Amino acid sequence: MKKIYTHIAVALMAVLTMTAFTSCDKDSEIAYDLDGIWQGTIVGNYYSSRYGATRTDYDTEIRFYQNGAFSRGGTGYEIDRENWTGYTTRFDFDWKVRDERIYITYDDGFQVVIRDWETYYMGNTMRFRGYFEDYHTGEQMASFNLIKVSERYSYANDTMNNDSITIEK
């Protein structure tokens, strides 16, 4: 009888060990889904906070690079294009997912939190929409609606420059 309990205990420990090594938490799953290239629009006073701009709508491309498959964050950059002039601006950033919120810290020190967001599929296309909030005040700055145009993009393939943004509507 003791031998049976020993075998059951060993089998149970093996199953628990496998589960521990193969499961990932919700934040790393979110980070994995974000990894890639997203294009669309951001509308609101986000740009007046960033650039002092008077217009409220820009086309944007955001590239999230996850630091490994089970990481909760990484690096990336955002390219914004003024619709009325075609002028583009690029900002690099670090990002992380914590408690299902996405925190972005730009190289110039500007910080935002993405809250009340969702990813969903429309046809075969993954979409990402939600709100940017000021990290320090919690003030809602803008809404965004983005389409995932590329999965698992790597720096080695990154040849894009500031004036080559292509936005898919």
Side-chain angles (χ1 to χ4, degrees), residues 27-67 71-169:
D27 289 345
S28 62
E29 289 175 15
I30 293 167
Y32 182 83
D33 286 343
L34 287 177
D35 188 50
I37 303 172
W38 299 84
Q39 294 179 340
T41 57
I42 298 175
V43 178
N45 65 359
Y46 171 75
Y47 295 104
S48 63
S49 297
R50 296 271 317 153
Y51 311 128
T54 56
R55 299 288 299 246
T56 61
D57 60 323
Y58 282 68
D59 286 334
T60 194
E61 178 172 294
I62 300 176
R63 294 185 181 199
F64 291 99
Y65 299 97
Q66 186 183 18
N67 290 339
S71 168
R72 293 182 187 101
T75 60
Y77 63 85
E78 174 181 329
I79 297 176
D80 300 316
R81 184 181 71 197
E82 298 176 8
N83 292 324
W84 58 99
T85 65
Y87 180 76
T88 61
T89 306
R90 174 181 165 153
F91 286 99
D92 294 341
F93 60 80
D94 292 319
W95 62 279
K96 64 183 171 186
V97 181
R98 188 175 70 232
D99 299 327
E100 299 183 29
R101 294 182 181 141
I102 303 160
Y103 294 85
I104 298 176
T105 302
Y106 294 91
D107 284 353
D108 65 355
F110 193 72
Q111 296 177 303
V112 296
V113 178
I114 299 177
R115 296 187 189 184
D116 301 326
W117 59 271
E118 67 175 333
T119 56
Y120 63 99
Y121 279 90
M122 184 175 286
N124 293 336
T125 306
M126 188 174 202
R127 297 180 179 259
F128 178 38
R129 67 180 171 198
Y131 300 93
F132 284 111
E133 291 184 359
D134 184 285
Y135 175 83
H136 300 287
T137 67
E139 173 190 351
Q140 183 175 310
M141 299 170 20
S143 63
F144 64 90
N145 191 359
L146 306 173
I147 298 169
K148 193 168 201 175
V149 297
S150 180
E151 299 275 343
R152 314 251 353 126
Y153 200 78
S154 73
Y155 281 113
N157 296 325
D158 188 4
T159 59
M160 183 172 186
N161 60 38
N162 284 349
D163 56 12
S164 66
I165 191 169
T166 303
I167 303 295
E168 295 183 8
K169 300 269 183 186

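Not measured: the values here are computed from a predicted model.
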Does any non-hydrogen side-chain atom of [Y] lie less than 4.5 Å from one of [X]?
{"X": "I62", "Y": "F93", "result": "yes"}
{"X": "Y58", "Y": "E82", "result": "yes"}
{"X": "H136", "Y": "Q111", "result": "yes"}
{"X": "D33", "Y": "M126", "result": "yes"}
{"X": "K96", "Y": "R72", "result": "no"}
{"X": "Q66", "Y": "Y32", "result": "yes"}
{"X": "Y106", "Y": "V112", "result": "yes"}
{"X": "R90", "Y": "I79", "result": "yes"}

**Request:** Could you go through the side chain to side chain contact (heavy atoms under 4.5 Å, CB included) check for W95 and L34 one step at a time?
**Result:** CA-CA 10 Å; W95 62 279; L34 287 177; 4.0 Å; yes
**Asked** Are T60 and D80 close enough that a side-chain donor and a side-chain acceptor fall under 3.5 Å?
**Response** yes
**Prompt:** Just checking, any donor-acceptor pair under 3.5 angstrom between side chains of R63 and Y77?
**Reply:** yes
**Distance-minimising heavy-atom pair for A31 and G73** = CB-N, 4.1 Å
**Item:** Closest non-hydrogen atom pair between Q140 and E133, with its separation
**Value:** CA-CG, 4.0 Å
**Request:** Go through the steps for R81 and T88 under the test side chain to side chain contact (heavy atoms under 4.5 Å, CB included), then give the verdict.
**Result:** CA-CA 4 Å; R81 184 181 71 197; T88 61; 3.8 Å; yes
**Request:** Using a cut-off of 6.0 Å, state whether more than 12 heavy atoms not belonging to Y121 lie near its atom OH.
**Result:** no
**Message:** Does atom OH (Y103) have a neighbourhood of more than 12 heavy atoms from anything else shown, all under 6.0 Å?
**Reply:** yes
If I take atom [atom1] from residue [X] and atom [atom2] from residue [Y], how far apart are they, to the nearest 0.5 angstrom?
{"X": "K148", "Y": "R127", "atom1": "NZ", "atom2": "CZ", "result": "14.0 Å"}
{"X": "D107", "Y": "T75", "atom1": "CG", "atom2": "OG1", "result": "9.5 Å"}
{"X": "D35", "Y": "I30", "atom1": "CG", "atom2": "CD1", "result": "14.0 Å"}
{"X": "D116", "Y": "R101", "atom1": "CG", "atom2": "CZ", "result": "8.5 Å"}
{"X": "Y120", "Y": "T125", "atom1": "OH", "atom2": "OG1", "result": "10.0 Å"}
{"X": "R129", "Y": "L146", "atom1": "CZ", "atom2": "CG", "result": "11.5 Å"}

**Prompt:** Ignoring hydrogens and geometry, is there a side-chain-to-backbone donor-acceptor pair from D27 to E100 under 3.5 Å?
**Reply:** yes
**Request:** Indicate the ring-plane relationship of F132 and F144, choosing parallel, tilted or perpendicular according to the 30° and 60° boundaries.
**Result:** tilted
